[in-house]
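Model, not experiment: these values are computed from the prediction.
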Amino acid sequence: MSGQPSTVPEFPEWPQFGDEERAGLIRALEQGQWWRMGGSEVDTFEAEFGAYHGTPHALAVTNGTHALEVALEVLGVGPGTEVIVPAFTFISSSLAAQRLGAVAVPVDVDLDTYCVDPAAVAAAVTDRTKVIMPVHMAGQFADMDALDKIAADAGVALLQDAAHAHGAQWQGRKVGELGSVAAFSFQNGKLMTAGEGGAVLFPDEETRERAFLVHSCGRPRTDRDYLHRTTGSNYRMGEFTAAVLRAQLARLAGQIDVREQRWPLLAGLLAEIPGVVPQTIDPRTDRNPHYMAMFRIPGITPERRRAVVDALIARGVPAFVAFRAIYRCEGFWAAGAPDETVEQIAARCPNVEQIHSDCVWLHHRTLLGTEQQMHDIAAVLADVLAG
């Protein structure tokens with residue numbers, strides 16, 4: 001590494017927007033119908049987003065957490081059922097199941113990819129298991145081959161939490177081509193965004209139509225007599241959100257191309273720093289959008305990690321501490337928690353115990369920077385760790 005820059009030059013801003021988003025908002029405004037039942041933006045976005053991910057069966061919703069809730073409800077999750085989730089994830093993965101009255105069962109993850117460990121999943125399956133929910137961490141697919149087999153053998157459903165995986169591919173197949181339901185988020189930091197928003201992809205139209213009822217208070221699209229057919233809530237996306245997301249989707253492929261070029265360079269540079277271990281990419285994920293640039297610093301204390309993150313931020317690198325293990329969050333225990341203690345879960349999640357304590361991630365806009373900025377990031381991190 002050449003030199004030790006005092007700061008890294010400014011990275012591209014996020015969110016990115018331009019005339020395409022402005023045109024979309026005006027288009028939605030001037031159509032005179034601002035909710036999905038009267039307008040065309042949501043319907044068109046669903047078709048475009050579904051096509052991009054390999055399925056015609058897409059449903060747009062209000063946010064990523066609601067996407068999970070709608071998907072889980074359609075898959076039969078409720079009181080008396082269990083949902084297996086990785087213990088290392090943003091807590092929406094578990095809360096969505098718990099909000100429906102189910103028990104969220106946290107399991108360990110792979111120490112290299114940070115994705116759910118299939119062996120841990122298999123060990124957690126019971127006769128109450130309804131859904132297995134892998135999270136594609138930072139755009140890296142969980143082992144879908146192994147998880148498909150576990151789910152099929154157990155007779156339970158798979159729900160992909162694809163909040164980090166817009167545009168990702170597993171062995172040449174897109175998220176919507178893998179035969180299972182998948183949920184996405186368009187929250188402000190995500191790979192495409194309208195501030196909030198979400199979507200669910202389905203393998204067939206029948207399931208998608210059941211989800212449509214759930215997301216619209218149980219009311220069919222053409223109903224004029226308030227014939228609400230099922231339970232549900234109002235998870236409907238508005239026209240302005242969809243208009244922005246259509247423009248964001250058009251930017252996605254080019255942004256992924258850049259991140260795919262930058263991550264191997266940055267990961268190689270980070271790996272040269274003593275004590276730094278970048279997230280491993282399973283080669284079966286043959287297109288990775290790199291939602292986060294993640295790395296571990298094994299042995300670091302929580303206090304030291306926080307100081308490192310603060311120093312990186314001060315020097316122009318948008319850095320964050322990694323997700324806390326969900327079972328170490330008070331909210332996890334408020335409802336739908338397994339009949340175990342924190343320490344009992346921790347004992348069967350040794351990899352999560354390490355990762356949530358020593359992992360750091362960089363915002364994906366860093367990977368939209370220049371090649372020189374990848375060198376600058378590594379040089380600054382090396383300098384901070386040596387300081």
Side-chain angles (χ1 to χ4, degrees), residues 49-50 53-55 57-78 80-107 109 115-118 120-122 124-126 128-137 139-166 168 170 173-186 198-204 206-212 214-215 232 235 326 336:
F49 189 79
H53 289 90
T55 177
H57 313 299
L59 180 71
V61 296
T62 37
N63 57 60
T65 305
H66 287 165
L68 292 171
E69 288 185 17
V70 169
L72 288 168
E73 185 166 345
V74 170
L75 292 172
V77 168
T81 66
E82 295 176 349
V83 177
I84 298 173
V85 298
F88 180 69
T89 181
F90 185 70
I91 201 168
S92 283
S93 303
S94 59
L95 290 186
Q98 293 167 306
R99 290 279 291 173
L100 294 173
V103 172
V105 181
V107 298
V109 301
C115 292
V116 71
D117 177 7
V121 170
V125 172
T126 72
R128 295 180 300 278
T129 303
K130 196 70 175 180
V131 171
I132 297 167
M133 186 194 297
V135 175
H136 302 323
M137 183 57 61
Q140 160 65 56
F141 268 96
D143 187 341
M144 292 301 292
D145 293 353
L147 293 169
D148 275 335
K149 185 177 188 309
I150 293 168
D153 289 347
V156 303
L158 271 182
L159 168 57
Q160 303 175 64
D161 183 337
H164 302 176
H166 311 67
W170 174 257
R173 293 181 294 166
K174 301 173 182 178
V175 174
E177 295 175 324
L178 296 175
S180 52
V181 180
F184 291 82
S185 170
F186 308 124
V200 192
L201 304 182
F202 299 94
D204 59 81
E206 180 183 355
T207 311
R208 192 264 182 193
E209 282 302 305
R210 293 205 309 271
F212 185 95
V214 169
H215 109 297
Y235 300 115
I326 58 174

- prompt: What residues form a side-chain hydrogen bond (donor to acceptor under 3.5 Å, both in side chains) with N63, not counting sequence neighbours?
  reply: H66
query: Under 3.5 Å, side chain of H53 to main-chain N/O of G50, donor-acceptor pair present?
result: no
- line: To the nearest 0.5 Å, atom CE of M133 lies from atom OG1 of T89 at 8.5 Å
statement: To the nearest 0.5 Å, atom CD of Q98 lies from atom CD of E69 at 11.0 Å
task: Might you point out which heavy atoms bring V109 and P86 nearest each other, and give the distance in Å?
output: CG1-CB, 3.8 Å
query: How close do P118 and I150 get, heavy atom to heavy atom, and via which atoms?
result: O-CD1, 3.3 Å
- request: Take F88 and V135, measure what side-chain contact (heavy atoms from CB on, under 4.5 Å) needs, and give me the verdict at the end.
  value: CA-CA 9 Å; F88 180 69; V135 175; over 6 Å; no
task: Apply the test side-chain contact (heavy atoms from CB on, under 4.5 Å) to residues T55 and R208: give CA-CA distance (whole Å), side-chain angles for both, the deciding distance (0.1 Å), then the verdict.
output: CA-CA 11 Å; T55 177; R208 192 264 182 193; over 6 Å; no
query: For L75, which residues count as a side chain to side chain contact (heavy atoms under 4.5 Å, CB included) partner, sequence neighbours excluded?
result: V131, A157, L159, V181
task: Let me see the working for V125 and I84 under side-chain contact (heavy atoms from CB on, under 4.5 Å), right down to the final yes or no.
output: CA-CA 8 Å; V125 172; I84 298 173; 3.8 Å; yes
- request: Using a cut-off of 6.0 Å, state whether more than 12 heavy atoms not belonging to K174 lie near its atom NZ.
  value: yes
Test side chain to side chain contact (heavy atoms under 4.5 Å, CB included) applied to D145 - qualifying residues, sequence neighbours left out: D143, W170, Q171, R173, R284
Residues in ring-ring contact (aromatic ring centres under 6.0 Å, His included) contact with H166, at least two apart in sequence or another chain: F184, F186
message: Distance check, rounded to the nearest 0.5 Å: R210 atom CZ versus E73 atom CD?
response: 11.0 Å
task: Test L100 against V83 for side-chain contact (heavy atoms from CB on, under 4.5 Å), laying out the working first.
output: CA-CA 11 Å; L100 294 173; V83 177; over 6 Å; no
field: Contact summary for T65 and S92, nearest pair of heavy atoms
entry: OG1-OG, 2.7 Å
field: Those residues that, when tested against T207, pass side-chain hydrogen bond (donor to acceptor under 3.5 Å, both in side chains) (two or more places apart)
entry: D204
- request: Please report the closest heavy-atom contact between V107 and A120, naming both atoms and the distance.
  value: CG1-O, 3.8 Å
- prompt: Closest heavy-atom contact between L68 and S93?
  reply: CD1-CA, 3.9 Å
query: Which pairs with one or both residues in residues 82-91 pass salt bridge (Lys or Arg N to Asp or Glu O under 4.0 Å), sequence neighbours excluded?
result: E82-R128
query: Of the non-hydrogen atoms in L201 and A58, which two are nearest, and what is the gap between them?
result: CD2-CB, 3.6 Å
field: Under the side-chain hydrogen bond (donor to acceptor under 3.5 Å, both in side chains) test, residues paired with S180 that sit two or more places apart
entry: Q160
- request: Just grab all the salt bridge (Lys or Arg N to Asp or Glu O under 4.0 Å) pairs involving residues 150-164, residues at least two apart or on different chains.
  value: K149-D153
task: Please identify each residue that fulfils side chain to side chain contact (heavy atoms under 4.5 Å, CB included) with A151, with sequence neighbours left out.
output: I132, V156, L158
Exam field: side chain H136 to backbone A142, donor-acceptor pair closer than 3.5 Å: yes
- line: residues 86-107 vs salt bridge (Lys or Arg N to Asp or Glu O under 4.0 Å), sequence neighbours excluded, gives none
task: Applying side chain to side chain contact (heavy atoms under 4.5 Å, CB included), name anything that partners A211, two or more places apart in sequence or on another chain.
output: L59, V70, V74, F202
message: F90: which residues meet the ring-ring contact (aromatic ring centres under 6.0 Å, His included) condition with it, sequence neighbours left out?
response: none
